[in-house]
Student: 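I'd like to ask you about the structure that follows.
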Amino acid sequence: MSLTFDFALPEPTAADRVTLFADVILPLPLPKLYTYRVPFELNDQVVIGGRVIVQFGAKKTLSCIVAAVHETPPKLYQAKYILEFIDDAPVVTQPQLKLFRWMADYYMCTLGEVINAALPAALKLSSESRIQLHPAFSAEENPYPLSEQEQKLVEVLSLEEGKSLTFTDVGEILAINSFHKVIKSLMQKDVIFLFEHLSDKYSPKVVKKVRLAHHFVEEAALEELFARLATKPKQLDVLMRYLQRVPVYQDVHANHRGLEKASLTSSPHLSPSAVNTLIKNGVLEQFDVIVSRFPLDDEPEAKINFTLSEAQTAARDSVLNLFGEKDIVLLHGVTGAGKTEIYIDLIRKALDGGGQVLYLLPEIALTAQIVTRLMRVFGTRLGVYHSKFSDNERVEVWNGVLSGRFQVVVGVRSAVFLPFDNLSLIIVDEEHESSYKQYEPAPRYNAREVALMMANFQGAKTLLGSATPSVETYYQTRAGRWGLVTLTKRFGEAGLPEIELVDTRKQREAKKMHNHFTPELLSEIERKLALKEQVILFQNRRGYSPFISCLDCGWIPKCKNCAVSLSYHKHAHELRCHYCGYHDRMPVECPACGSRNLKTVGFGTEKIEDDLKVMLPAANVQRMDLDTTRAKNSYQQIIADFENQATNVLVGTQMVTKGLDFANVSLVGIINADSIIHYPDFRAHERAFQMFVQVSGRAGRKGKKGKVIIQTADPQQVIFDKVIRNDYLEFYEYEITQRREYGFPPFMRVIRLTVKHVDQPVAEQAAILLTQELVARLRREAVLGPEAPYIFRIRNFYLQEITVKLDREHTVLKHAKSQIQEAINVVKDQKDFKQARIVADVDPM
DNA sequence: AGCACGCCGACT
DNA sequence: GTCGGCGTGCTC
């Protein structure tokens, strides 16, 4: 029997029939995507890279990013519906999604973690459960008795009509943790009700403006108005001022644009109430405009035509030439060789070609100095992405990149997450910097590597810049894969500083040390100060002393959460843990034996500052480290003071090594070089070399030859010889041989696995099992450890480390990572190890 | 990450 | 006897 119909049913169009599903990225550390169903009538609203709101689990409402749209219904479960669409255009672009996937893969973390790190908090809608008094509730007629706590809540909620509280608020008000019970009970009694409140946290900056009501923009009407206000001098004043500032007749649009209300009300001669009266009477009308937090400079882009020196021009041309055949070029230029001008020139060229540019800098190098300089050249096309920015500002940069308003972004590590889709150039300045690598939390990414991958995806060129390139990077240029341009000449003809090593051991034996100063360093400081020149002293440890000790019983205060001694901070009069933040008052007497003989051992920036103030009372000493720059503008203040020569000596940690150009600094002192060299890590020498060269670069600029004094107990160490001659190549050759011999990057890849557990034996057992599982899956010699790190307990977790060394090859690496993940899962599935945390750090630094 | 369900100690 | 602690598992 035939079932064919010979009449045509109205053919449903394909679009009507399709049931769409969306795979979404939840901002949570979950290993996979979740599939939701698109409400039929909203099929045309799904945007890949757009945000949607979904119900996740029983209670949570989350916003997430659509990663894929398809028609395959999940087989094993019923998909829930997407509740709402937030965006009609992607907030995350396709190239970004591709990059984020690569990051999750490469750094062994989840897409959710990447998204979490990438999106400014304000772009992540937050779900807040709020409670409100039930509309039918009345205190008099309430039939249920209320507990004391319930009563308290009701009182707060009754304070004003429609007042609502978040759970966090409730917790604070009641000052207990188990407030859910109270809320539940109040809901059962119909006293309150609960609602989910999803709010877009980004709030645009709004300015109140006023303008003349349009019917007065006509001579006759205005004259009449003047006559009417003749008896109201205050209002007349305001009106006159307005007309003065806004040429209503000359420019029809001028009145429409209006004037900032604040400019009328804040004037001392004008009365704010007169302004309001005018508004009330309909003479002026008030309106809001959304303005940018980044002031749009009205001035046209200043054409700053600085000229490149001959060496700079040659270097720039070489870079451009190499870009013809290579995607990545290293610009190796000594400090002060003028790399920034070359960058600016290249950025300009890239912009002229219509592409976007990302310029990455380490956090401490992204100073107001450099931003101002770039602003002057690129004006409103420049976006700045700094970690100290507020979230609203970050969203503005994000949206500015999306809309095309910002063509160049200068930013720190996290700027690699911005939604570029048409990059033509990425600059990674100070590419060797370890601060490009994020340690905690996941994704543990290196912005330099991410930048290289992003450039690769978008067909952009990458320029890496450094005075002391990382061994890995230099190796690539040696292997011919990346281009190399060397810039040796210092800009402005200043020669390289003279470097002198001073033997602290010898001086100590001769009893000639003044605290931690050798006579050589001290007299040189005095000499420079007498010449009205400035001095930078580098000590890579903050605080006053790394620990204190009781002279009578030997007691040393330790952190109660970590396996470290507490550092003494004199100004705060505190003992502090640099790992978990625990702090306590400095004891007056030893809690173990009651002795008052507590002495400090070792030294940090604070002690150097203190000692110097005592030894050279005439000098104006300032300290710059994490402790003195925590407050918002203190960093700028310290820099400004030093620049204006209000201070003569700057004592600091790594902060003094980066991005600062001071013309008058003629001496740099490294107080304790040994503490930088002796570090249990294969990168110790590289780091030390870089640090010494970078600090030395601060000495002598603008024609003055500087001097560097390095204090060390062992001047014979091989590294000094290379530092003194500023011989990067020799350092590199020495280092690369070591790396090859011992199988370290760039010859091998390192993945460090850390097992954490509150119980030391459990941590050890879990690490042993993990090692076994790894060995079973990888080459035996690829797995090293487990071993407790030097600081074996942090924040109450005992640590065990396993190091995996792998061949560089991509396929090997990828396979190995999945093997490692498997091994981790095996351990985590064991009952005893459920509480263990296992963290993988790919390419640790 | 939260949040719910589920099994062992100090209280009405 | 219960309340409530957190350990374990799940979320489309």
Side-chain angles (χ1 to χ4, degrees), chain A residues 19-40 42 46 48 51-85 104 109-119 121 123-131 145 147-150 166-168 170-171 174 176-185 187-188 194 196-198 440-444 756-759 762-763 766 795-797 824-839:
Chain A
T19 305
L20 294 181
F21 295 90
D23 296 340
V24 302
I25 309 169
L26 291 155
L28 301 171
L30 298 167
K32 57 195 186 87
L33 301 182
Y34 283 72
T35 306
Y36 284 83
R37 186 167 170 180
V38 179
F40 192 62
L42 299 175
V46 224
I48 291 180
R51 291 170 301 168
V52 294
I53 294 171
V54 297
Q55 177 94 34
F56 185 63
K59 274 204 81 182
K60 270 179 295 182
T61 315
L62 295 168
S63 84
C64 48
I65 302 285
V66 176
V69 179
H70 55 84
E71 294 175 35
T72 325
K75 289 190 186 73
L76 302 170
Y77 52 86
Q78 184 75 41
K80 284 185 185 170
Y81 277 104
I82 288 174
L83 300 178
E84 224 176 295
F85 290 82
C109 65
T110 68
L111 255 182
E113 286 169 321
V114 178
I115 282 285
N116 240 347
L119 294 189
L123 279 181
K124 303 173 215 161
L125 289 173
S126 74
S127 153
E128 297 169 289
S129 300
R130 302 187 75 99
I131 57 162
S147 74
E148 196 182 313
Q149 307 222 300
E150 292 172 1
T166 65
F167 280 17
T168 326
V170 175
L174 299 183
I176 51 165
N177 281 328
S178 52
F179 55 80
H180 286 96
K181 218 183 62 186
V182 181
I183 290 174
K184 223 175 202 165
S185 154
M187 286 206 302
Q188 278 163 5
L194 186 95
E196 289 293 323
H197 184 77
L198 272 166
E440 271 299 309
R444 297 175 174 78
K756 312 179 188 185
H757 199 279
V758 281
D759 274 342
V762 182
R795 291 170 192 269
N796 286 320
F797 279 88
I824 292 174
N825 292 342
V826 169
V827 177
K828 284 221 236 189
D829 282 347
Q830 296 274 315
K831 250 209 154 26
D832 296 347
F833 302 143
K834 289 273 190 238
Q835 255 13 352
R837 291 188 203 171
I838 303 175
V839 162

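Please read these numbers as outputs of a predicted model, since none were measured by experiment. Per chain, numbering begins at 1; letters A, B, ... match sequence-line order.
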Student: Between atom CG in Leu76(A) and atom P in dT11(C), what is the gap in whole Å?
Tutor: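 Interatomic distance, CG of Leu76(A) to P of dT11(C): 11 Å.
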Student: Distance check needed: dC10(C) P versus Gln78(A) CD, whole Å only.
Tutor: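 To the nearest whole Å, that distance equals 20 Å.
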Student: Please state how far atom OH in Tyr77(A) lies from atom C1' in dC12(C), giving the value in whole angstrom units.
Tutor: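 To the nearest whole Å, that distance equals 4 Å.
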Student: What is the distance, rounded to the nearest whole Å, between atom CD1 of Ile25(A) and atom P of dC12(C)?
Tutor: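 Rounded to the whole Å, the gap is 17 Å.
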Student: Under the side chain to side chain donor-acceptor pair (under 3.5 Å) rule, collect the residues that match up with Gln78(A), sequence neighbours excluded.
Tutor: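 Gln78(A): no side chain to side chain donor-acceptor pair (under 3.5 Å) contacts found.
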Student: Does dC12(C) have OP1 or OP2 sitting under 4.0 Å from an N or O in the side chain of Tyr36(A)?
Tutor: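 Yes, such a contact exists.
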Student: Show which side-chain atoms of residues 20-31 of chain A pair as donor or acceptor with protein atoms under 3.5 Å away, not counting sequence neighbours.
Tutor:
unit_1   : atom_1 : unit_2   : atom_2 : d
Asp23(A) : OD1    : Thr35(A) : OG1    : 2.9
Asp23(A) : OD1    : His70(A) : NE2    : 2.9
Asp23(A) : OD2    : His70(A) : NE2    : 3.3

Student: Can you measure Leu62(A) atom CG to dA1(B) atom P for me and round it to whole angstrom units?
Tutor: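 Those two atoms, CG and P, are 13 Å apart.
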Student: May I ask you to say what Leu30(A) touches in the nucleic acid, namely base, sugar-phosphate or nothing, with a heavy-atom cut-off under 4.0 Å?
Tutor: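 Base: the residue Leu30(A), judged by heavy atoms under 4.0 Å, touches a nucleobase.
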Student: Output the rounded distance in Å from CD (Gln835(A)) to C1' (dG5(C)).
Tutor: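 My rounded result for the distance is 14 Å.
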Student: dA1(B) P sits how many Å from Phe56(A) CZ, rounded?
Tutor: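 Atom-to-atom, Phe56(A) to dA1(B), this comes out as 12 Å.
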Student: Enter the distance from Leu33(A):CG to Ile65(A):CD1 here, rounded to the nearest 0.5 Å.
Tutor: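 Atom-to-atom, Leu33(A):CG and Ile65(A):CD1 are 12.0 Å apart.
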Student: Does dT8(C) have OP1 or OP2 under 4.0 Å away from a side-chain N or O of Lys834(A)?
Tutor: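 It does not, given that no N or O in the side chain of Lys834(A) lies less than 4.0 Å from OP1 or OP2 of dT8(C).
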Student: Hey, does the Lys NZ or Arg CZ of Lys32(A) hover above the aromatic six-ring of Tyr34(A), less than 6.0 Å from the centre and inside 45° of the axis?
Tutor: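 Geometry flag: set, cation within 6.0 Å and 45°.
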Student: Gln55(A) CD to dA4(B) P: how many Å, rounded?
Tutor: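 The distance from CD of Gln55(A) to P of dA4(B) comes to 12 Å, rounded to the nearest Å.
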